[in-house]
2 protein chains.
Amino acid sequence: MAAVARAATTSDAFNAIAEPQRRDILALLRAGEWPVTDLARQLSMSQPQASKHLRVLREVGLVRVREAGKQRLYGLDARGLRPIHEWVGGFEQFWNESFDRLDSYVQDLKQARQED
Amino acid sequence: MAAVARAATTSDAFNAIAEPQRRDILALLRAGEWPVTDLARQLSMSQPQASKHLRVLREVGLVRVREAGKQRLYGLDARGLRPIHEWVGGFEQFWNESFDRLDSYVQDLKQARQED
DNA sequence: TTGACGCATTCCGTTATGGGAATACGATGG
DNA sequence: CCATCGTATTCCCATAACGGAATGCGTCAA
């Protein structure tokens with residue numbers, strides 16, 4: 001049992017931001033708090049879909065809710081993105097180096113081809 | 001038809017790195033190139049699993065292969081991580097600000113509670 | 001109280017996942 | 001040519017994703 005097929009989107013921030021629409025939501029929330037309906041309209045998604053995505057973001061702690069009468073204002077809590085930034089940042093030195101590696105790789109290929 | 005349930009892991013780097021083991025692979029590859037079997041042993045995963053994950057990483061361009069006789073040496077190509085780093089970096093200013101927002105949020109709650 | 005509004009949840013269907021086991025494939029060595 | 005090693009692929013399973021449609025539920029206004 002529990003033959004995990006794929007980690008739940010709510011398992012961590014990495015999974016949560018794998019979905020483009022959720023990234024859009026987060027980006028939008030940089031501008032401030034939004035009620036669900038407006039947010040949905042802004043991003044051209046159905047209200048239920050917005051609610052579902054917001055739920056995921058809430059469960060991984062990337063988003064916060066505030067009750068305001070009938071509405072629920074969602075706001076950004078970007079702290080959960082920091083670990084991601086740091087993890088990816090650990091590869092920064094390789095972004096440029098990669099070019100060189102690829103170059104030498106390509107040259108190896110050429111050379112190998114000539115040796116045939 | 002084509003009722004996309006969830007974006008394929010091979011759809012982009014965001015999805016590819018959502019899987020912890022694939023992140024482990026990338027981290028390991030910072031040390032250099034590795035043949036599949038060694039890599040699998042290092043990370044305590046089966047050879048087929050390693051091959052599968054490497055395939056995903058290859059398809060999104062985060063990894064490169066080089067034939068070396070019987071072996072296949074996998075190497076890092078971190079360039080695909082840059083867009084991620086930049087996207088997440090777009091939230092950097094909010095990591096700290098979030099604290100303040102959360103504080104005021106908590107204070108709102110306290111205040112509301114006192115008003116009951 | 002009733003109605004309307006804002007949002008969350010549930011149900012359904014299709015798709016793809018990641019793990020295990022078995023197997024197919026290509027290159028090398030004898 | 002055959003056995004073997006290193007990899008990739010295939011099949012099967014259980015899980016859960018995301019989207020749409022329908023519905024539940026709490027809040028506010030009349």
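Every chain is numbered from 1, with letters handed out A, B, ... down the list of sequences.
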Under 4.0 Å between a side-chain N/O of [X] and OP1 or OP2 of [N], yes or no?
X       : N      : answer
A/Tyr74 : C/dA8  : yes
A/Gln21 : D/dG19 : yes
A/Gln49 : D/dG19 : yes

Taking only residues two or more places apart in sequence, or in another chain, which ones meet B/Arg72 in a salt bridge (charged side-chain N to carboxylate O under 4.0 Å, His left out)?
B/Glu67
Rounded off to whole Å, could you give me the [atom1]-to-[atom2] distance for the [X] and [N] pair?
X       : N      : atom1 : atom2 : result
A/Ile25 : C/dC7  : CD1   : P     : 13 Å
A/Leu54 : C/dG6  : CG    : P     : 16 Å
B/Leu57 : C/dG18 : CG    : P     : 10 Å
A/Glu59 : D/dC18 : CD    : C1'   : 15 Å
B/Arg58 : D/dT9  : CZ    : P     : 6 Å
A/Leu73 : C/dA8  : CG    : P     : 11 Å
A/Lys70 : C/dG6  : NZ    : C1'   : 7 Å
A/His53 : D/dG19 : NE2   : C1'   : 9 Å

What's the closest nucleotide to the [X] side chain, out of [options]?
X       : options                : value
B/Arg22 : C/dA21, C/dG18, C/dT28 : C/dG18
B/Val36 : C/dG26, C/dC7, D/dA8   : D/dA8
B/Ser51 : D/dT7, D/dG19, C/dG19  : D/dT7
B/Arg72 : C/dG19, D/dA8, D/dA17  : D/dA8
B/Arg55 : D/dA8, C/dG19, D/dT9   : D/dT9
B/Lys52 : C/dG18, C/dG19, D/dA17 : C/dG19

Is a side-chain donor or acceptor of [X] paired with a backbone partner of [Y] at a separation under 3.5 angstrom?
X       : Y       : result
A/Trp95 : B/Ala78 : yes
B/Arg30 : A/Gly90 : yes
A/Asn15 : B/Ala18 : yes

Taking all atoms of both residues into account, what is the closest heavy-atom pair of A/Leu54 and A/Val63, and its distance?
O-CG1, 4.4 Å
Those residues of residues 37-48 of chain A lying under 4.0 Å from DNA chain C by at least one heavy atom
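Nucleic-acid contacts, sorted: A/Thr37, A/Gln47, A/Pro48.
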With heavy-atom distances below 4.5 Å as the criterion, would you say the side chains of [X] and [Y] are in contact?
X       : Y       : result
A/Thr9  : B/Arg6  : yes
B/Leu62 : B/Arg22 : no
A/Phe94 : B/Leu81 : no

Position toward the 5' end of DNA chain D (nearest nucleotide), A/Asn15 or B/Pro35
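Per heavy-atom nearest nucleotide, the more 5' residue is B/Pro35.
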